[in-house]
Amino acid sequence: MRIGRRTFATLGPVAALGLLAACGSEDSGGSAGGDEEDFVTDLTFGTGGTGGVYYPLGGEYATIYEDSIDGVTVNYTDSGASVENIGKIFQGEWQLGIVQSDTAQTAVTGTGEFEGAKVDNVGWIAALYPEAAHIVALASSGFESPEDLKGKRIAVGDVGSGTRAASDAILAAYGIEEGDYEPFEQDFASSLDLLRDNNIDASIFVVGTPTGSLGDLAATNEVALISMDQEKADEVAGETSFDAYTIEPDSYDFLEEPVITLSVAATLVASTSQVSPELGYDLTAATFEHADQITLPQGDLITHDFALSGQGDVPLHPGAEKYYKEQGLI
């Protein structure tokens with residue numbers, strides 16, 4: 001089931017994180033998730049923009065969870081993705097979310113965009129698949145390297161998404177800082193529309209590979225994926241929670257050579273204050289046991305082997321921990 005998009009992202013990043021900090025301050029008594037026994041079975045599942053992978057994947061998993069777990073209702077919603085999903089879970093408004101693993105890391109450690117707003121009620125369910133930063137431009141731009149983006153109009157990710165951190169890391173690696181370009185905070189689908197109409201010069205977004213929306217753009221326009229230098233990608237990976245990653249030529253019909261970029265893990269997280277250990281266990285089990293029902297290409301990548309990739313300091317949800325122990329994974 002789908003519900004309409006909420007308004008957390010429309011607050012803007014500063015206001016939104018300020019709200020998180022206020023909700024999570026010591027004076028307010030800790031996390032906004034409520035009492036640790038305030039468990040629910042009517043779940044709201046934050047995904048991402050409708051043009052990316054999170055949204056349709058969340059929709060398919062919402063159906064899987066309702067069909068395989070007794071007494072559970074899962075309402076999935078489009079959102080600004082990682083930051084918004086974590087923020088809503090922290091506030092006790094949503095219970096499930098798909099997020100970038102690096103965003104989950106900054107949330108639980110109170111760093112980066114979550115400076116001063118340490119999130120303490122988000123638990124790791126599973127890393128689902130790797131997702132890569134795509135640097136997209138029209139082929140007519142002639143861009144050959146991220147350094148060519150200096151002074152250009154660049155979509156850097158939606159408000160409330162984790163893409164901005166990847167965009168910043170890539171641009172900074174080539175000496176492009178804030179003020180050196182015109183940023184556009186757009187969701188994935190909107191950024192491709194702007195690119196198609198020549199209203200921006202490039203779009204950077206983090207998404208599972210392949211993504212159909214990029215294929216749709218390539219069907220009507222000559223597009224290019226801009227590659228990082230391997231040395232630059234390795235350097236950024238060594239200093240951040242991103243990994244160096246290669247988008248292989250067979251990922252998209254228009255690609256002829258490998259594209260070097262950065263990647264993170266698309267990760268399912270759940271509230272530890274509203275999702276019980278028992279339900280967390282059932283959600284974790286269903287995520288893997290019914291992965292063969294996922295019709296998206298990313299479904300083939302959802303395996304036990306990848307389940308803990310990028311976890312870092314993010315605590316396991318108690319239900320997931322029980323499941324992984326039973327499977328001999330921890």
Side-chain angles (χ1 to χ4, degrees), residues 51-52 81-82 100-103 106 112-113 130-159 161-211 213-215 217-218 221-249 251-252 254-265:
S82 298
Q100 291 179 197
S101 56
D102 62 311
T103 305
T106 59
E113 292 179 284
E131 48 183 357
H134 291 57
I135 311 171
V136 184
L138 297 181
S140 59
S141 69
F143 299 151
E144 296 181 352
S145 166
E147 66 184 352
D148 296 328
L149 300 181
K150 188 170 185 177
K152 304 303 181 182
R153 302 164 299 171
I154 310 171
V156 292
D158 196 5
V159 176
S161 76
T163 288
R164 185 60 185 266
S167 299
D168 288 349
I170 291 169
L171 295 173
Y174 288 86
I176 303 173
E177 304 289 348
E178 187 174 349
D180 291 336
Y181 65 96
E182 184 179 356
F184 285 70
E185 293 181 317
Q186 302 286 334
D187 64 31
F188 174 36
S190 297
S191 75
L192 294 185
D193 288 339
L194 290 174
L195 188 63
R196 179 186 292 110
D197 296 334
N198 288 300
N199 289 320
I200 60 173
D201 301 300
S203 174
I204 303 175
F205 54 86
V206 178
V207 69
T209 306
T211 176
S213 295
L214 181 54
L217 176 64
N221 297 263
E222 291 189 12
V223 300
L225 278 182
I226 302 170
S227 182
M228 299 180 68
D229 301 313
Q230 186 69 61
E231 183 178 351
K232 292 284 190 184
D234 291 340
E235 180 181 330
V236 175
E239 298 173 350
T240 68
S241 55
F242 297 108
D243 292 320
Y245 187 83
T246 300
I247 300 175
E248 298 295 345
S251 299
Y252 298 102
F254 63 88
L255 275 188
E256 297 180 356
E257 298 179 350
V259 174
I260 308 301
T261 186
L262 305 176
S263 75
V264 292

Original post:
Which atom pair, heavy atoms only, marks the closest approach of G52 to V207?
Top reply: CA-CG2, 4.3 Å

Original post:
Given side chains that start at C-beta, do those of I226 and P146 come closer than 4.5 Å, heavy atoms only?
Top reply: yes

Original post:
When you look at Y252 and T211, which way does the side chain to side chain contact (heavy atoms under 4.5 Å, CB included) test go after all the steps?
Top reply: CA-CA 9 Å; Y252 298 102; T211 176; 3.3 Å; yes

Original post:
Would you call L262 and D243 a side-chain contact if the rule is heavy atoms closer than 4.5 Å?
Top reply: no

Subject >> Minimum heavy-atom distance E248-L255, with the two atoms named >> reply: O-CD1, 3.7 Å

**OP:** Scan for ring-ring contact (aromatic ring centres under 6.0 Å, His included) pairs involving residues 174-210, sequence neighbours excluded, and state none if there are none.
**Re:** H134-F205, F188-F205

Subject >> I135 CD1 to I170 CD1 distance, which is reported to the nearest 0.5 Å >> reply: 4.0 Å

**OP:** Check whether any side-chain N or O of K232 sits under 3.5 Å from a backbone N or O of A173 as a donor-acceptor pair, and report yes or no.
**Re:** yes

**OP:** Using the side chain to side chain contact (heavy atoms under 4.5 Å, CB included) rule, take D102 and T240 through it: C-alpha gap first, then chi angles, then the decisive distance, then the call.
**Re:** CA-CA 9 Å; D102 62 311; T240 68; over 6 Å; no

Subject >> Contacts of type salt bridge (Lys or Arg N to Asp or Glu O under 4.0 Å), residue D168, not counting sequence neighbours >> reply: R164

**OP:** Would you name the heavy atoms of A133 and I247 that are closest together and state the gap between them?
**Re:** O-CD1, 4.3 Å

**OP:** Would you name the heavy atoms of A172 and E177 that are closest together and state the gap between them?
**Re:** CB-OE2, 3.9 Å

Original post:
Side chain of T163, backbone of G157: donor and acceptor closer than 3.5 Å?
Top reply: no

**OP:** Look up atom CG in L171 and atom CD1 in I154, then write down how far apart they are to the nearest 0.5 Å.
**Re:** 5.0 Å

**OP:** With rounding to the nearest 0.5 Å, note down the distance linking CD in Q230 to OG1 in T246.
**Re:** 5.5 Å

Subject >> Where G175 and D180 come nearest, the two heavy atoms and their spacing >> reply: O-OD2, 3.7 Å

Subject >> Distance-minimising heavy-atom pair for A189 and G51 >> reply: CB-CA, 3.9 Å

**OP:** Output the distance between atom OG (S190) and atom CG (N199), rounded to the nearest 0.5 Å.
**Re:** 11.5 Å

**OP:** Could you tell me whether a side-chain N or O of S191 sits under 3.5 Å from a main-chain N or O of Q186, the two making a donor and an acceptor?
**Re:** no

Original post:
At what distance, to the nearest 0.5 angstrom, does CE of M228 lie from OG1 of T261?
Top reply: 6.5 Å

Subject >> Any L195 side-chain heavy atom under 4.5 Å of L138 side chain >> reply: yes

**OP:** Answer yes or no: are there more than 12 heavy-atom neighbours, outside E231 itself, under 6.0 Å from its atom CD?
**Re:** no

Subject >> Approximate separation, where rounding is to 0.5 Å, of D197 CG and L192 CG >> reply: 11.0 Å

